[in-house]
Protein chains: 4
Amino acid sequence: MSASPERRRELLSTAAEVFAAHGYNATTVRRIADEAGMLAGSLYYHFDSKESMVDEILSTFLDELWAGYEAVLGAGLGPRETVEALVTESFREIDRHRAAVAIYQKESKHLSAQPRFGYLTESQRKFERAWLGALERGVAERVFRADLDIRLAYRFLRDTVWVAASWYRPGGQHSPEEIARQYLSMVLDGITPRDATTTVSATTAVSTTTALGATTTARETTTAGPS
Amino acid sequence: MSASPERRRELLSTAAEVFAAHGYNATTVRRIADEAGMLAGSLYYHFDSKESMVDEILSTFLDELWAGYEAVLGAGLGPRETVEALVTESFREIDRHRAAVAIYQKESKHLSAQPRFGYLTESQRKFERAWLGALERGVAERVFRADLDIRLAYRFLRDTVWVAASWYRPGGQHSPEEIARQYLSMVLDGITPRDATTTVSATTAVSTTTALGATTTARETTTAGPS
Amino acid sequence: MSASPERRRELLSTAAEVFAAHGYNATTVRRIADEAGMLAGSLYYHFDSKESMVDEILSTFLDELWAGYEAVLGAGLGPRETVEALVTESFREIDRHRAAVAIYQKESKHLSAQPRFGYLTESQRKFERAWLGALERGVAERVFRADLDIRLAYRFLRDTVWVAASWYRPGGQHSPEEIARQYLSMVLDGITPRDATTTVSATTAVSTTTALGATTTARETTTAGPS
Amino acid sequence: MSASPERRRELLSTAAEVFAAHGYNATTVRRIADEAGMLAGSLYYHFDSKESMVDEILSTFLDELWAGYEAVLGAGLGPRETVEALVTESFREIDRHRAAVAIYQKESKHLSAQPRFGYLTESQRKFERAWLGALERGVAERVFRADLDIRLAYRFLRDTVWVAASWYRPGGQHSPEEIARQYLSMVLDGITPRDATTTVSATTAVSTTTALGATTTARETTTAGPS
DNA sequence: CATGAATGAGGATTCATTCAT
DNA sequence: AATGAATGAATCCTCATTCAT
C-alpha cells in the first residue's frame with residue numbers, strides 16, 4: 001500500500017507542519033493534500049488514514065527523542081549535569097522536530113486514550129521517571145535545594161521546556177544550545193542575581209554535548225528536519 | 001435571545017469544562033448538551049452558536065483577569081514584587097477559571113484569527129507589555145540579573161505559569177498561593193541551593209496579596225467560580 | 001383555544017404581511033411573533049399552527065373575493081362588461097388584501113397539494129370557468145376578436161391582473177379603479193392607437209361599479225384591510 | 001473545487017427544475033441529490049453551496065438573456081419592432097430556460113438583498129431602461145397611444161411576458177414564437193376587434209426574428225437548453 | 001394571555017474514506 | 001501514483017411546536 005520512503009517522509013513532514021499549525025482535529029486531509037500538491041484521495045495511496053499519519057509522526061519523533069534521552073541517562077552523569085543534558089537535548093529535539101513536538105504537546109492527551117497511541121502514555125511515564133530520578137538524586141546529593149517540591153519542580157521543568165515548541169522557530173538567531181543555556185541558567189540559578197556563585201557555564205553545557213556528540217551527530221545526518 | 005443569567009452561567013461552566021477537556025473543535029454541541037442534561041438544539045435557546053459560547057467564556061475570564069492584573073500594575077510595586085504579584089494573581093485565576101485558562105491556552109491562537117476574537121490578540125499584547133515592563137525595570141534596578149535575555153525570560157515566565165492550568169486541579173492539597181510561592185521560589189532563586197541569599201519569603205507574597213486585598217476580595221465575593 | 005376575533009385579525013394581518021414579504025416557507029413563526037410583539041410560543045394560544053394561519057388568511061380572502069366575483073357574474077352583464085367588472089373587482093381585492101393576494105400567487109401551487117387546501121384548487125377551477133365563460137361569450141357575440149386563442153387570453157388576463165399584487169402599494173397615487181381602467185384600456189384596445197374606436201370609458205367602469213355598489217360597500221365596513 | 005462542465009450543467013439543470021417546482025427555500029439539497037441519483041453530500045463535490053447553485057443558474061440565464069436583448073436593442077429597430085422583438089426574445093428565453101425564469105420570478109426579490117446577487121438588481125434596472133425607452137420612443141413617434149401611463153404599461157408588459165414561465169411547458173403545441181405573436185397581438189391591438197387596422201402580422205414578427213437571426217442561431221447551437 | 005424553556009425532527013454542510021480508472 | 005467522483009456519518013444550527021407556570 002505504500003512506496004518510496006522519501007516521498008513518505010516529505011508528506012509526513014508536510015502533514016506535521018499543518019497539524020502543528022492548526023491542530024489535529026481542525027486539520028483536514030484535504031488541507032494536507034493541498035499543501036502537498038495532490039488531491040485528498042491520493043494521500044490514501046501512501047497512508048492508511050489521517051490517524052496513521054499522526055501516529056507515524058509522533059512515534060518517529062519519540063523514537064529519536066528516546067535515543068537521545070537514553071544516551072544522556074546512560075552516560076553516568078551527575079544529577080545537575082543530567083538535568084542540563086536533558087534540557088539541552090530537549091531543545092535540540094524541538095529544533096529538529098518542532099512540528100512533532102507541538103503536536104505532541106497539544107494532542108497527546110486526547111490521542112493517548114486510544115490503544116493505538118498507548119506508547120504516548122508509556123513515554124510520559126518514562127519521562128517522569130527520568131526527570132524525577134534526576135531531581136531526587138540531586139536533592140539527595142545537595143546539588144538541588146532541599147526544600148524543593150519534587151513533583152512540582154518536575155512539572156515546572158517539563159512544561160517549561162516543551163512549551164517552547166509553541167514559539168520556537170528553527171533557523172532563528174538563537175541556536176537550540178544557546179536557548180538551552182539561557183533556560184538552564186534561569187531554572188538553576190533563578191532570575192535574581194547571585195552573589196558570586198557559579199552560574200551555568202557554557203563549558204559545562206558544551207562538554208556535555210560533546211560527550212554525547214557521536215549519537216547526536218549520527219542522527220543529524222539521517223534526519224532532514226521538519227521544514 | 002437569552003435568559004436568566006444563572007442558567008447561562010451554569011451552561012457556560014459546563015461548556016468550559018468540556019472545551020477544556022477535549023478541545024474546542026473536538027467538542028460537539030451535542031456533548032455539551034448531554035453534559036447539561038438537555039438536547040443539542042436546546043442550547044440555542046441560550047446561545048447563538050458554539051462560537052459565542054467560547055467567546056463568552058474567554059471574554060468573561062479575561063475581564064476578570066485584567067481586573068486583577070490592573071490592580072497589581074497600578075499598585076506602585078517594585079519590579080520584583082510586581083512579578084511576584086502577577087504570578088500569584090495568575091495562579092489565583094487558574095484556580096478560579098481553570099477551564100477558561102486551559103481553553104485560552106489551547107485555542108487562542110486559532111481563534112484570534114477571527115475578528116470576533118480580536119480581543120485575544122489585544123490581551124496578549126497587554127500581557128507582553130506588563131511582563132516585559134516589570135522585567136526591564138527589574139534589570140535596570142538590578143533586582144533581576146543583568147545578563148537576562150528579557151524576551152526569553154518573558155516567554156519563560158508566561159508559559160511556565162499558564163501551562164500549570166493543564167495539570168492544576170482546584171481543591172487539591174496546594175492552594176494557588178502555595179503553588180505560586182513554590183513557582184516563584186524556583187523562578188527567582190533557581191533550583192540549586194543559594195548560600196545565604198533571601199529566598200521568596202511567604203511573608204512577601206502574602207503581604208503583597210494583602211496590599212491588593214480590597215480588590216481581590218471584592219471580586220471573590222461576587223464571583224462564583226467555574227466549577 | 002382562541003379568543004377575541006379582533007386580536008386574531010390583527011395577528012393574521014401581521015402574519016399575512018410577513019408571509020407576503022418573505023414567502024411562507026421562509027417566514028418563521030418567531031418572525032411573526034416578533035412583529036406582533038410577542039414570543040413565538042404565544043402565537044399558539046391563538047392559532048393551532050403556522051399552517052392554520054395561512055389557511056385562515058387565504059380562505060378569508062377567497063371568501064370575500066368570491067362574494068365580489070359572484071355579484072359580478074350574477075349581474076347579467078354582457079361579456080365585455082363582465083370582463084371589465086371582473087378586472088375592476090380584482091384590483092379592488094388587491095387593494096384590500098394585497099398581502100393575501102401575494103401569498104395566494106406565490107404559495108397556492110404548493111399548498112394546494114395538501115388536502116386541507118383543496119379549496120385553492122377548487123377556487124382556481126371556478127376562476128377558470130368564470131373568465132373562460134366571459135371570453136367565449138364575448139367571441140361568440142363578436143365583442144372580442146374572433147382570432148383569439150381563448151385559453152391563452154385567459155392566462156394572459158388572469159396573470160396580468162394578479163401579478164400586479166407584487167408591485168401594488170395601497171394608498172399610492174392611483175386608486176384601484178384607476179389602475180383597473182388603465183389595464184382594461186390596454187387589454188381591450190391594445191397599446192397602439194386606434195383610429196376612432198370607443199375606448200374604455202370611465203363611465204362604463206364606474207357605472208359597473210355602481211351596479212355592484214351595495215355588496216362592495218357592505219364588505220368595506222367589515223374589513224379592515226391589510227394595513 | 002469543481003469538475004467536468006458537462007456533469008455540472010446536468011446537475012444544475014436538475015437543480016433548476018426542482019427549485020422552479022418547489023421554490024428555493026422549500027427545496028432541500030437532499031431532494032436535488034435524490035433527483036440527480038446521488039447523496040446530498042456528493043453535491044458538494046461540484047458546488048460550494050445550495051446558494052451557489054441558484055447563483056450559477058440565474059447568472060447563466062441572465063447572461064444569455066442579455067446577449068439576446070442587447071442584440072435586439074442594438075439592431076436599430078423602431079419602437080414597435082423593438083417591443084415585438086423583445087417580447088419574442090423573452091418567450092424564446094422562457095422556452096430555453098423555463099426553470100431559470102421561474103426561479104428568477106419567484107426568488108429574485110429575496111435573493112437580491114444579498115450582495116452576492118447584486119447582479120439581479122442591476123439586471124432589473126437594465127430591464128426597466130430597455131422597456132421604458134422603447135415605450136417612450138413609441139409614444140413620441142406616435143406608434144403607441146399618447147394616453148399611455150408609461151410606467152404602468154412597462155409593468156404590464158414585463159409581468160405579462162414573464163409570468164408565462166409559470167405555465168409554459170416547452171415542447172408543447174405552441175412554439176415560443178407562436179405564443180409571442182399571440183401575446184403581441186393582444187398587447188398591441190387589444191382583445192376587442194379592430195375595424196380594419198393592421199394587426200401584428202406573422203410576417204412582421206418573423207422578419208424581425210430574421211433580422212437578428214445570426215445572433216440567435218449562433219446561441220442556439222451552443223446551448224443545450226434546460227430540459 | 002403570555003413567558004421561558006425545552007423538544008425533536010430536519011436541513012445544509014463538512015470530511016475521512018473508498019474506488020474505478 | 002494520482003485523479004475524479006462519490007459515500008455516509010457526523011456536525012452545527014433552525015424551527016415549529018409543546019407545556020408548565
Side-chain angles (χ1 to χ4, degrees), chain A residues 1-4 7-8 11 24-33 36-53, chain B residues 1-4 6-8 11 25-33 36-53, chain C residues 1-4 7-8 11 24-33 36-53, chain D residues 1-4 6-8 11 25-33 36-53:
Chain A
M1 169 154 294
S2 78
S4 92
R7 190 87 181 94
R8 211 181 166 68
L11 291 173
Y24 174 70
N25 273 298
T27 298
T28 71
V29 168
R30 191 165 168 269
R31 178 77 187 262
I32 299 172
M38 50 171 39
L39 291 181
S42 309
L43 277 175
Y44 287 80
Y45 178 80
H46 301 276
F47 304 98
D48 280 344
S49 63
K50 185 180 161 186
E51 210 180 73
S52 77
M53 290 188 230
Chain B
M1 174 155 292
S2 75
S4 91
E6 323 226 346
R7 191 87 179 93
R8 213 181 165 70
L11 292 172
N25 273 297
T27 297
T28 72
V29 167
R30 190 165 165 272
R31 178 77 187 262
I32 298 172
M38 50 170 36
L39 291 181
S42 308
L43 275 176
Y44 289 82
Y45 178 77
H46 301 276
F47 304 99
D48 279 343
S49 63
K50 186 180 157 185
E51 209 181 75
S52 77
M53 289 188 230
Chain C
M1 169 154 294
S2 80
S4 93
R7 190 85 181 94
R8 211 182 167 70
L11 291 173
Y24 174 69
N25 273 297
T27 298
T28 71
V29 168
R30 193 166 167 267
R31 177 77 186 260
I32 298 172
M38 49 172 41
L39 290 182
S42 310
L43 276 176
Y44 287 80
Y45 178 80
H46 301 276
F47 305 98
D48 282 343
S49 63
K50 184 181 162 185
E51 209 181 75
S52 77
M53 289 187 230
Chain D
M1 173 155 294
S2 76
S4 93
E6 322 226 347
R7 191 86 180 92
R8 213 181 164 71
L11 292 173
N25 273 298
T27 298
T28 72
V29 167
R30 189 164 166 271
R31 179 75 186 263
I32 299 172
M38 50 172 35
L39 291 180
S42 308
L43 276 176
Y44 288 79
Y45 178 76
H46 301 276
F47 304 99
D48 279 343
S49 63
K50 186 180 158 185
E51 208 181 76
S52 77
M53 289 188 228

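Lettering of chains follows the sequences in order, A, B, ..., and the numbering in each one begins at 1.
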Return the value, rounded to whole Å, for the distance between atom OH of C:Y45 and atom C1' of E:dA2.
10 Å

Can you tell me if D:R7 touches the phosphate of F:dA6, counting only side-chain N or O atoms and a distance under 4.0 Å to OP1 or OP2?
yes

Which nucleotide in the list E:dG4, F:dG8, F:dG4 gets nearest to the side chain of A:L39?
F:dG4

Same-atom distance (C1') from F:dT21 to E:dC1, integer angstrom:
13 Å

Intra- and interstrand pairs of DNA chain E - dot-bracket, Watson-Crick/G-U under 3.5 Å, | marks other strand:
.||||||||||||||||||||

Hey, which sits more toward the 5' end of DNA chain F by its nearest nucleotide, D:L43 or A:L11?
A:L11

If you round to the nearest 0.5 Å, how far is NZ of A:K50 from OG1 of A:T28?
7.5 Å

According to a strict under-4.0 Å criterion, is D:H46 in side-chain N/O contact with OP1 or OP2 of F:dG4?
no

Output the rounded distance in Å from CD1 (D:I32) to P (E:dA12).
8 Å

Residues forming a side chain to side chain contact (heavy atoms under 4.5 Å, CB included) with B:S42, sequence neighbours excluded
B:M38, B:L39

B:R30: what forms a salt bridge (Lys or Arg N to Asp or Glu O under 4.0 Å) with it, not counting sequence neighbours?
none

Does some side-chain heavy atom of C:E51 sit less than 4.5 Å from a side-chain heavy atom of C:Y24?
yes

Between A:A40 and A:V29, what is the shortest heavy-atom contact and its length?
O-CG1, 4.0 Å

List for me each residue that meets side chain to side chain contact (heavy atoms under 4.5 Å, CB included) alongside C:S52, sequence neighbours excluded, and say none if there are none.
C:F47, C:D48, C:S49, C:R116

Please encode protein proximity along nucleotides 13-21 of chain E as a string of B, S and -, counting only heavy-atom distances under 4.0 Å.
BBSSBB---

